[in-house]
Structures are given as structure tokens and as C-alpha cells.
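Letters A, B, ... are given to chains in the order of the sequence lines, protein chains preceding strands, and every chain is numbered from 1. Source: prediction; values computed, not measured.
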Amino acid sequence: MSSFVLNFPLFMIILCLVCAAVGTLLPRAAARTVSLSLAALCLAAIFCVFLYVYGAGQEFEYRMGHYPHPWGNELKIGILESLFGMAFSLVLFLSLLGGKDPLDRLVEPGKGRFFYVMADLVLVALLVLVYSNDLFTGYVFIEICTLASCGILMIRGNGRTVLASTRYLIFSLTGSGLFLFGVIILYNITGHLLMPDLKEAVGALTASGAYRFPFLASVSLVSIGLAVKSGLFPFHLWMADTYGEAVPTSSAILSGLVTKGYAFFLVRFIFDVTGPDIFWQSGVQNVLFAMGAAGVVMGSVGAIQENNLYRMIAYSSAAQIGYIYMGIGLSADLGLTAALFHILLHALTKPALFLSASRLSARMGGALKFRNLQGAGYYEPAAGVYFTAAAFSMIGLPFTMGFISKYLFGLAAFRASTPKLVLTLLVLAVSTVLNTFYFARTVLRIYNAPKKPPAERQPAKDLPSYIIAGALFALINVAVGILSGPLTDLLGYGLSLF
Amino acid sequence: MLRILWDSRIQSAAVILFAVGFTTLLLNRNLMKKIVGLNIMDTAAYLFLTSIGYIEGRLPPILADGVADASAYVNPLPAGLVLTGIVVSVSVTAVLLALSLRLYKRYHTLDLDTIYRIVHEEAEERE
Amino acid sequence: MIADVAELLLLALLVVCGIAACASKNLMVSLIIFMAYSIIMSIVWGLLKAPDLAVTEAAVGAGVSGVLMFVTLNRIRRIRREEAKDDEETDI
Amino acid sequence: MKKRTFREWLKAWDEGEIDFSVPGPGCPETPGDAASSGDAADDRPAPKDDAAIRAYARRFRDREAALFRRIYPVMVVLIVAVISVFLLRVVTELPPFGSADTPANSSETIRRYLEDGLSETGAVNVVAGVILDYRAFDTLGESHVLFTAACAVLILLLSSEKQSDSLRVREILEKDAVLHTTGRVLIPLILLFGIYIVLCGHLGPGGGFSGGAVIGSALILYSLCYGPERVRKGLNLKSYRVTVLTALLFYSLAKCYSFFCGANGLETIFGPGTPGNLFSAGLILPLNLAVGTVVACTMYGFYALFTEGTV
């Protein structure tokens, strides 16, 4: 009977779809309640799944229908999948909880409920990307994710948001096209779409040496397609405009969840379709590593040039995506552990940064230039503290998750080849210095003595929910930073089971 | 090599169309053209997928008179996948069209470069 | 033999239409060529023994997305015309 | 530009006087942003070379933008050339076209779909069996892609104000005898054809998606001939939402039931029936109906939103 728990992912996916459909009929407040309870329920349910899978110490294949894997769709329920499902639900819950105020202020009247519908759809797409055992299902839900995140962006409805979401959509669709073509080639040479069969067929192909070039092409198309969609370095240009224009809550969801979902799907692809060894023979990882390293540096350089708070955080986001792909390209075991840890770190930190920044800026009358934010930390103490905590984590100060992440990257680098070691250490050093510069500048600004109080002191709306959400973000960050052992062990264990 | 390309000419045509659509999607500044390019790119990918399932001299996968013999019909799976894909691309097209309509209402042009310039000038005026 | 020639002709037309739809300057022309492209594509799918796809592409690709594009273009033209009218009024 | 020490550069950077922002939309349109920057400018003595720095930054940015504009097409053409050569080489190395022995065409998957599909799903049209039974989860996702797109278009184009700009054109259209007569003949035929495609999706080519699109185009034609008000009598925003919602809910819950039964090894109450009959193939017929409803409503909804700004 305890294996009944394995049905929970299916129930959660269907529940999300039902809630999204029902949400179109509800008023805004009710839709918000539905979304919040949905995310909380997902968190609880997936926690149960996680406990069960951890106890069993193995992965389960869950048939979607009566037909097992070469024929029908399937889910794969494992430790890492459940961990990331939990993390994504948690971050969505906290972002929605803390991000009510900017939504109320900035969304076009009468359309607030659609934001929550889109949030439900993003959640279901992420859950499927995490759990799906089928590449084509992955493609379909990647498209749901793209369209829903585009909806989340354009909900603000002014000209520049619409422009930014058009740009985002075009970039993202380019990525989907490449991904789709890669999947098609893979289907052509193997005859399968489900990951277990694909892995077997790919192993046989590599052993026999047949279709080497098409296989290489399909792996690179899939990797590059997903990288374009998460906004890796040469394709990061949409980020600054998009996050700079959108409602901060949307930016939080997009940067914290959507781009990470694609990165996690790439990790799934590497492990469940090609297998790490074959992927590392293909040479694609070097391209990802180079793009990631360049992304870290260019993102940080972009951030240091910005005078606008949101755009600075956006560039920092581009740099963090670079970190994730750098880890994926670094090495199969430790590098991927670092990349997965960085996904968690960024998912937990960036929403906190966006939400705190939005409160600080709202208190200063909507100012976004740094010089106008002087002293905001005094008027909005909670947001100031949370922002500082998140910024410290991004810099990588001790006792935060960022420190552990940098430590893991360093550890992974020492096991890699010499050029990669040198490059990784160089990138880590440069990015830490640049990060320190721009985040320290911001933190010093908001705690600099104000020359005069802000012109209009806006009443603090909906403060308790924001305080709880921000406190949870900061607490988790620090707690994991101090007690990182269990989590990194878990990631390594999950990877070994993959 | 050209011989092989000629033998699988449908797939070669699909690749050419994919490249044409991709170029238009990235290079053309007009939004409407970008949408057309996107559609051509998607259908080219689907054409490629469908051509995988084609087998010379077999029937469409609709079981005539209940004859269930795998050597009589073409591969049904690519058709099913493409069916899914077509609906995905029409949804994306609708969203992009709605976005371009909104942009036109606001900026009175479909040219993305011009829109960027207008936005930039507006931002500088505000400062 | 005839089928081969027809297939070749259709493929050539498909590529030509695809390129022409992307290359033509006039948006309306481009849309019309695009709809022709979709119809040819649906015939090619028919030749490839996928009747489901042929029906769907004819209804969705050539039908609904074409109509949506036309409607959008029509709205855009209407907006442009109204602006021209407004300008005249303000001139007077 | 006079030379500055590192300290001065640092200070200028910290004050936000150096602006190298990349071309693209400027800073956000936040209420009060412009006002408060004016405030701050008042109490801060402007540096002497402020204007010069700004002009320099703007020149820099323009130059960068021009460079970007020149490099970008070259880059794209290069990338596309590389990709197409790459893909053409892939085509030459792929399994031959039209052969039965390719990995994709000779796998056990296909054999089961074709040989046992009829007895397992009851669908004569194997494609319908594949997408609505074997790989039903994909198709569930696909309907929700459509739903997501419908919501996104609603966000963008739903407006409360009445758009009366097309009244004159519509009056002409509504009085047009040719259009009316053709419509009276054609629309029922198209509708009937659409319903046939939906209902017989498991027996022949077609199914919920194509049939729904045909029904949707019949609705579009009706709205063109007789005006959207006539359609709105039957299908206003509320009933539109309720219809789509009911169909989607039915779809999700029915599939949830069948997934649940399948995964836990239970028998569903929907058997395959007698293949070839209209009422056979278990859930496929009702699912086709639900999908057809969703697609028809969504397609008409797109059209109505694009023309009228409401459904």
C-alpha cells in the first residue's frame, strides 16, 4: 500500500492542470489562494515521494497508462527528481507568497487571475520536465513552459514589457526548434523516444560505431537548444531587458525556476539518454564549459556596468546560468554535483533578491537608479536584511550557500584536466571580485545615511507574507550554508543512482 | 554524397526549409515575417520527422478490414508526434501574432529595430 | 513515374514557396505564399502516407493560422488608416 | 575627457555617472522614477563634465549599436550556413529514406502498435490509438499548450472597450446576398464535415484536432457572414470559458483515471469494444469529442479576440 505514494507525482500534475483550468474562472484573490495551496500541496506530496524513494534506495518507473516503456509514456521517480520537484514547488510558493504587492500594483486591472493560472502552468511544466521519462513529452511541456513564462512576463502590459516578452519568445522558440530537430535525429537513428530504451540504443550505437556523426549532431542540437532556452552566454541578451521590465514577481519566477528547469532537463538528458561517459566522449561538454565560463565573466561585466537595480540583478542571473553550464561541462561527478547545487542556490537566492529589490524600490518611490536608493535599507529594514543576505550568498561569503557552491566548483576543478582547472579557478576569482564589487556597492548604497527621507512614504502593504517569505528564503540559505553536508551527500547519492 | 542527398530529397528539402525559416526568424526585422519564418522552420522539422516513418510501397496506418500486419503499413508514430507538433506551432503562432498586434498598437510599426529606437528615445526623454 | 515527377514538382514548389514567403517584401503576398506553402505541405504529407497529417495541416496550418495572420494584418491596416484620418483632421 | 585616477573612476562608477548600457529598452517605466531622479539631481552638485560624459556614453552606445547591427547579420548567416551544412551531412549519414529496415521503422514499438493496436485500443486508425492511448500524456500536454496560448492571447487582447471600427465593413458584409446564400449552404456542410471528422477519428483519418479546427473555421465563417453578435448569443465570454473548462476537466480527469489504473495494474471500465463500430475504442471517442470542443472553441476564440477584442 505504501507504493501508493508513487502515484503522487501523477496526481500533482493533473491537479495543477485542473487548477489552471479552474483558475480562469476565479477572481484574483481566490486564484491566488488556489495557486499558493497548490504549490504547498505539491511540496508536501513530493516530500512524501522523496521519503519513500529515499527509504527504498532505488528509482521507480511509473507507467502513464497500461503500456510499459518502449510503447507508452512514463515518469521516472527518483531521488534527485523528487528533490528538485520539492525545490521548485517551494520556490514558487515563496515567490508567490512574497510577491503579492508588486503584482497588485503593476498588473493590468482585471487580469490578475491569469498570472496565477500561468504560475500553475509553469509549475506543471516544471514537474513534468523533472519527472518525465520521455523526450517528446519533454518537448511539449517545454513549450508550455515557454508560453506560460511569456504570459507571466507580459502580464504587466506596457509597451516595453510586451517588447521584452516578444524578444524572449523569439529567442526561446529558436531554442525549441533546435531541440526538436535534435530529438528527431535521435529518433531516426535509434527508433525510440523513451529514455531507458534510448540509453540502451545509444549504448549499442556507440559500441558498434554506427551513426556517429548524426548522434553527435543530435546531442549538440539538444544541448545547445536547451542552453539557448536557459539564456546561456551568447543568448543572454534578452535577460536584462526582460527582467528589467517585468513585474519583479515574474522576474523571480522566471529567473529562479523556468531557466533552471531547462538546465535540469539537460542534466536528465545527459544521464538518462546518453549516459555520462558517452556524453563526455562527444566533446559537447567542452563547448558548454566554454560558453558557461564566458557567460560568468560577461554577465558579471554587464552587471558592473549597470546603474539600474533590476538590470544589475538580471546580468548577475546571466552569470549564474553560466556557472551552472560551466559545472555541467566540468566533469561527470563532481562538476555535476556543483552544477546541481548551484541550481538550488540560484533558485533560492535570485527570487529573494528580486522581491527585496522591489520592496526597497517601492519604498523609495519606485526609484531604480542606485543613487536614488540611498538609505532604503533603513526605511525597509526587513527587505534590507534579506537583500544583504542574498547578496552575500551571491558573492559567496562563508555561512551561505554561495560559499559551498564555490567550494564545490573548486573541488570539481581540481579533478578536471589542467586547462579546465586553470580556467575554472580564473573564472571563479574574476567573478568573485566583480560580484563583490557590484553587490557591495548596492548594499553600501542602501545602508548609506539618507540625505533626506523619501518624498512619499508608501504604506507597507501585505507586509507579513513578504516578511515570512523573505525570512524563509534567507533562513534556508544560511541553514544550508552552515549544514551543507547532507545536501551535497544527497546530490552525490542521487547522481550515483541516476 | 550528392547521390545520397538526392535519394533522400525530402529530408534535404526539409533541411533547406529549416535553414530558410531559421534565417528569417533571426534576421528579418519585421515581426510578421519572423512569424512566417518560424512556421516554415517548424513545418520543415515536421516534414523531416514524417519522412522518417515513410516506407516505400506501404499503406497509411489505417487498418483495412482488420488486417493487423506490421509489414503492410507505414510507421504510425511520427504521424502522431507531428500531429502534436502542429498544434503546438499554431498556439505559438497565435501568441506571437497577439504580441505583434499589441506592439503595433503601441508603437505603430512592426519593425523591431524601429521599436527599439522609439523605446530608447522615450527612455532618454524621461531622464 | 508520374508519381515521381509529381513528387519532385511538389518538393520544388515547396522549397520555392518557402523561400519566396520569407523573401517577399509585401506582407500580404508573403502570407498568401505561406498559405500555398501549407497546402503543398499537406499534399506532400498525403504522399508520404500520413492522411491524418494532411487533414490537420490543411485545417490548421493553411486554414486557421493563415486566417489569424490575415486578421492581424487587417487590424494593423485599419489602425494605420484611422491614424491617417486623424492626422488629416488635425491638419484641418 | 581628462584622465582620472582609479579612485575617481570608482567614485564616478558608484555615483552611477558612467553609463555604458547596451542598446535595448531603457530603464523601467516605474511611477515616480523620473520625479525622484529629478529630486536627487537637485541636491547633488552636478559634476562639471557631466554632459560630456553623457554625450560620450551616448556616442559609445550608438557606435556599439551600429557595430552590433552590422555584425549580427553576418553572424547569423554564418551560424545558419554551419548548421545547414552540418544537417545536410547528417542527412547523408542517416538511414536511407523509404526503407523498412531503419531503426525507427523496424523497432518492436511499431510492431506492437500495428499488430496489437486494434485489440488493445480498439482504434482502426492506429495514429489515433497511438496519440490517445499509448502516448496519451503527450496529447494531454498538447491540449494544454493550446489552453496556455488561449490564456496568453486573452491577457494580451481582451479589452473591455467596444471596438466599433469595423462597423461599416460589417454592415456591407451583412447585407451581401451572395455571402449570405453561400454561407447558408456552406456553413452547415463544413460543420457536418468537422463533426464527422471528430466522431470518426478512431475509424479513419482525422480526430479531435483536425475536426475541431474545421468546426472552428465554420464558426469563423459564420461570424464573418452574419456578424459576431449572432455567435455571441450562443458563445459569450462566460459560456466560452465554461465550455473549454468542462472539456479540459473531462479530458484531464478521464486520463488521470486511465493513467492511474494503468500504473497500478487495474482494469479500466472502458474496454476496446468491437473495432470498427462508432461506439468502440474505449476512451478514444469521448476524448476526441473533448479535444474537438477545446480546439474549436479556442480557434474561434483566437479569431474573435483578434478582431473584436472579446469573445
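Ranked by heavy-atom pairs under 4.5 Å with chain D, the list A:Leu444, A:Val140, A:Val162 is led by A:Val140. Contact tally against chain D (heavy-atom pairs below 4.5 Å) for A:Leu10, A:Leu193, A:Asn188: the top residue is A:Asn188. Contact count versus chain D (heavy atoms, under 4.5 Å) is highest, among A:Glu74, A:Arg212, A:Met154, A:Glu143, for A:Met154. Of the listed residues (A:Ala246, A:Gly72, A:Ala21), the one with the most heavy-atom contacts under 4.5 Å to chain D is A:Ala21. Interface check for chain D: of the options A:Phe136, A:Phe114, A:Phe181, the most heavy-atom pairs under 4.5 Å are formed by A:Phe114. The greatest number of non-hydrogen atom pairs below 4.5 Å with chain D, out of A:Pro214, A:Gly151, A:Gly157, A:Ala240, is found for A:Pro214.
A donor-acceptor pair is defined here as one N or O able to donate and one able to accept, closer than 3.5 Å; no such pair exists between the side chain of A:Tyr67 and the backbone of D:Arg135. Of the possible donor and acceptor atoms, none in the side chain of D:Lys255 sits under 3.5 Å from a partner among the backbone N and O of A:Met64.
Contact annotation for D:Asn105: neither backbone nor side-chain heavy atoms come within less than 4.5 Å of a heavy atom of chain A. The part of D:Ile110 that comes within reach of chain A is its side chain, from C-beta onward, which places non-hydrogen atoms under 4.5 angstrom from that chain. Heavy-atom distances place the backbone of D:Ser258, and not its side chain, under 4.5 Å from chain A. Residue A:Ala125 does not touch chain D at all, counting heavy-atom pairs closer than 4.5 Å. If you measure heavy-atom distances from A:Phe11 to chain D, the contacts under 4.5 Å come from the side chain alone. Interface remark: D:Leu249 contributes side-chain atoms only to the contact with chain A (heavy atom separation under 4.5 Å). Heavy-atom distances place both the backbone and the side chain of A:Tyr187 under 4.5 Å from chain D. Heavy atoms of A:Ile189 lying under 4.5 Å from chain D belong to its backbone as well as its side chain. Contacts between A:Val22 and chain D at a heavy-atom distance below 4.5 Å involve backbone atoms as well as side-chain atoms. In this structure, the portion of A:Thr190 lying under 4.5 Å from any heavy atom of chain D is its backbone and not its side chain. Interface remark: A:Ser220 contributes side-chain atoms only to the contact with chain D (heavy atom separation under 4.5 Å). If you measure heavy-atom distances from A:Leu194 to chain D, the contacts under 4.5 Å come from the side chain alone.
Residues of residues 74-88 of chain D that come closer than 4.5 Å to chain A, counting heavy atoms only, are D:Ile83, D:Phe86, D:Leu87, ordered by residue number.
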After noting the C-alpha distance and the side-chain angles of D:Phe147 and A:Leu121, does the key distance pass the side-chain contact (heavy atoms from CB on, under 4.5 Å) rule?
-> CA-CA 10 Å; D:Phe147 168 71; A:Leu121 287 168; 4.1 Å; yes

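Closest heavy-atom contact between D:Cys151 and A:Met118: CB-CE, 3.5 Å. Residues A:Ala148 and D:Thr148 share a closest heavy-atom pair of N-CG2, 3.7 Å. Residue D:Glu108 comes nearest to A:Trp71 through the heavy atom pair O-NE1, 3.5 Å, listed as atom of the first residue, atom of the second, then distance. Across all non-hydrogen atoms, the minimal contact from D:Val90 to A:Ile185 is CG1-CD1, 3.9 Å. When all heavy atoms are compared, the tightest approach of D:Gly141 to A:Ile144 is O-CD1, 3.5 Å.
Atom CG of D:Asn264 is separated from atom CG of A:Asn7 by 4.5 Å, given to the nearest 0.5 angstrom. The structure places CD1 of D:Ile155 at 4.0 Å from CD1 of A:Ile155, a figure rounded to the nearest 0.5 Å. Put simply, NE2 on A:His192 and OG1 on D:Thr109 are 5.0 Å apart, with the number rounded to the nearest 0.5 Å. Taken from CG in A:Asp197 to OG in D:Ser107, the straight-line distance is 9.0 Å, to the nearest 0.5 Å.
Considering only residues two or more places apart in sequence or on other chains, D:Arg112 meets the salt bridge (charged side-chain N to carboxylate O under 4.0 Å, His left out) condition with D:Glu120.
You'll find the side chain of D:Leu140 reaches within 4.5 Å of the side chain of A:Leu17, heavy atoms only. Counting heavy atoms from C-beta outward, D:Pro95 and A:Tyr211 have side chains that approach closer than 4.5 Å.
Within the cation-pi definition used here (under 6.0 Å to the ring centroid, within 45° of the axis), A:Arg63 does not qualify as a partner of D:Phe259.
Taking the centre of each ring, D:Phe137 and A:Phe141 come in below the 6.0 Å mark.
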